[in-house]
Amino acid sequence: MNEARPPLELTIPVRAWDFLAGGDGAARVRQVLQQVGFPPAVIRRVAIATYEAEMNIVIHSQGGELKAQITPAVITIIARDTGPGIPDIDLAMQEGYSTAPREIQEMGFGAGMGLPNIRRCADELAIDSMPGKGTVIKIVIYNR
Ligand SMILES: Nc1ncnc2c1ncn2[C@@H]1O[C@H](COP(=O)(O)OP(=O)(O)OP(=O)(O)O)[C@@H](O)[C@H]1O
Ligand SMILES: [Mg+2]
């Protein structure tokens, strides 16, 4: 990839409660990173963080989208949804904290590990949430 080129950009819609398509966005981002030739360890961190952000939109939100901006040096993922927002971000970031209902837990989600996993994978993480308006999660991962 040539440093002077504009960033590769992907925008992927994510539907609430669509467990059939849930995860396809992260898979698509991984596929593009593989095609462009990023190191497996970098791809792995991006794929995990993107998957967790995507599934949080599926499970906890009314729907939204993923945006991936890819340059040779840095990969930025922005996960945006239209609500209901996260009332207490510090609490939501704690390992094991989950508001997932029982039927979701029976599907294997709701361990409360998604956001902590994103933090582990990300070089930079910013979460911006407004009750009623939605949540924006920005994940930055360096290619190094
Ligand atoms: N996009 C979102 N919109 C609203 N609430 C969210 C969103 N993402 C996370 N949350 C809240 O933060 C909590 C913790 O999220 P986290 O991803 O760590 O765990 P989880 O999704 O409940 O379980 P797991 O990710 O392990 O399947 C969620 O249970 C939910 O209450
Ligand atoms: Mg989660």
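Throughout, numbering of the chain's residues begins at 1 and tracks the sequence. Every number for a ligand or one of its atoms is a count from 1 in the order of the listing.
- Note on V36: it clusters hydrophobically with L66, by side-chain heavy-atom contacts below 4.5 Å among ILVMFWY residues.
- Residues I75 and L8 share a single hydrophobic cluster, defined by chaining ILVMFWY side chains whose heavy atoms lie under 4.5 Å apart.
- Taking only nitrogen or oxygen atoms, main chain and side chain alike, P84 does not reach within less than 3.5 Å of ligand 1.
- Annotation: side chain of K67 is not in contact with side chain of R80 (no heavy-atom distance under 4.5 Å).
- Here the protein heavy atom with the shortest distance to atom 9 (C) of ligand 1 is N56 ND2, 3.6 Å.
- Tracing side-chain contacts under 4.5 Å through hydrophobic residues (I, L, V, M, F, W, Y), one never reaches I89 starting from V140; they form parts of separate clusters.
- Contact annotation: D81 has at least one heavy atom less than 4.0 Å from an atom of ligand 1.
- Checking only distances, G112 does come within under 3.5 Å of ligand 1, N or O to N or O.
- When hydrophobic clusters are built by joining Ile, Leu, Val, Met, Phe, Trp and Tyr residues whose side-chain heavy atoms come closer than 4.5 Å, directly or via intermediates, I43 is grouped together with L10.
- Remark: ligand 1 atoms within the under-4.0 Å shell around heavy atoms of T99 are 28 (C), 29 (O), 30 (C), 31 (O).
- No donor-acceptor pair under 3.5 Å is formed between the side chain of Q105 and the backbone N or O of A111.
- The Mg ion (ligand 2) has N56 OD1 as protein N, O or S atoms under 2.8 Å away.
- When each atom of ligand 1 is checked for a heavy atom of S98 under 4.0 Å away, the hits are 20 (P), 22 (O), 29 (O).
- Q69 places no side-chain N or O within 3.5 Å of a backbone atom of T76 that could act as its donor or acceptor partner.
- Every atom of ligand 1 is numbered from 1 in the order shown, and the set under 4.0 Å from a heavy atom of E52 is 25 (O).
- Taking every non-hydrogen atom of A92 and a distance limit under 4.0 Å, the qualifying atoms of ligand 1 come out as 12 (O), 14 (C), 18 (O).
- For the pair T50 (side chain) and A26 (backbone), a donor-acceptor distance under 3.5 Å is absent.
- A donor-acceptor contact shorter than 3.5 Å is absent between the side chain of D128 and the backbone of V136.
- Under the salt bridge (charged side-chain N to carboxylate O under 4.0 Å, His left out) criterion, E95 pairs with R120, not counting sequence neighbours.
- Looking only at heavy atoms of the protein, atom 25 (O) of ligand 1 is closest to G114 N, 3.1 Å.
- Interface atoms of ligand 1 facing P116, defined by a heavy-atom separation under 4.0 Å, are 18 (O).
- For atom 27 (O) of ligand 1, the nearest non-hydrogen atom of the protein is G110 N, 2.8 Å.
- Judged by distance alone, the side chain of D81 and the main-chain N or O of I57 form no donor-acceptor pair under 3.5 Å.
- Residue I57 has no nitrogen or oxygen atom sitting less than 3.5 Å from a nitrogen or oxygen atom of ligand 1, judged on distance alone.
- Between F109 and ligand 1, no N or O atom pair is found at a separation short of 3.5 Å.
- Tracing side-chain contacts under 4.5 Å through hydrophobic residues (I, L, V, M, F, W, Y), one reaches V29 starting from V32; they form part of the same cluster.
- The protein heavy atom nearest to atom 18 (O) of ligand 1 is L115 N, 2.9 Å.
- Legend: residues meeting salt bridge (charged side-chain N to carboxylate O under 4.0 Å, His left out) with R15, ordered by chain and number and at least two apart, are D18.
- Note: an N/O pair closer than 3.5 Å links A111 and ligand 1 by distance alone.
- Among all protein heavy atoms, the one lying closest to atom 4 (C) of ligand 1 is G85 O, 3.5 Å.
- The closest heavy-atom contact to atom 28 (C) of ligand 1, among the options H60, Q94, M55, comes from H60.
- Contacts with ligand 1 closer than 4.0 Å are made by no heavy atom of N117, backbone or side chain.
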Check against side-chain hydrogen bond (donor to acceptor under 3.5 Å, both in side chains), Q31 and R28: CA-CA 5 Å; Q31 186 184 46; R28 177 82 186 107; 2.7 Å; yes
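- Of all the heavy atoms of M93, none lies under 4.0 Å from any atom of ligand 1, so neither backbone nor side chain is involved.
- Between the E65 side chain and the V14 main chain, no donor and acceptor come within less than 3.5 Å of each other.
- For R45, the salt bridge (charged side-chain N to carboxylate O under 4.0 Å, His left out) partners two or more places apart in sequence, or in a different chain, are D123.
- Distance from atom 14 (C) of ligand 1 to its nearest protein heavy atom, with residue and atom name: Y97 O, 3.3 Å.
- Heavy-atom proximity to I86, at under 4.0 Å, picks out these atoms of ligand 1: 4 (C), 5 (N), 6 (C), 7 (C), 8 (N), 9 (C), 10 (N).
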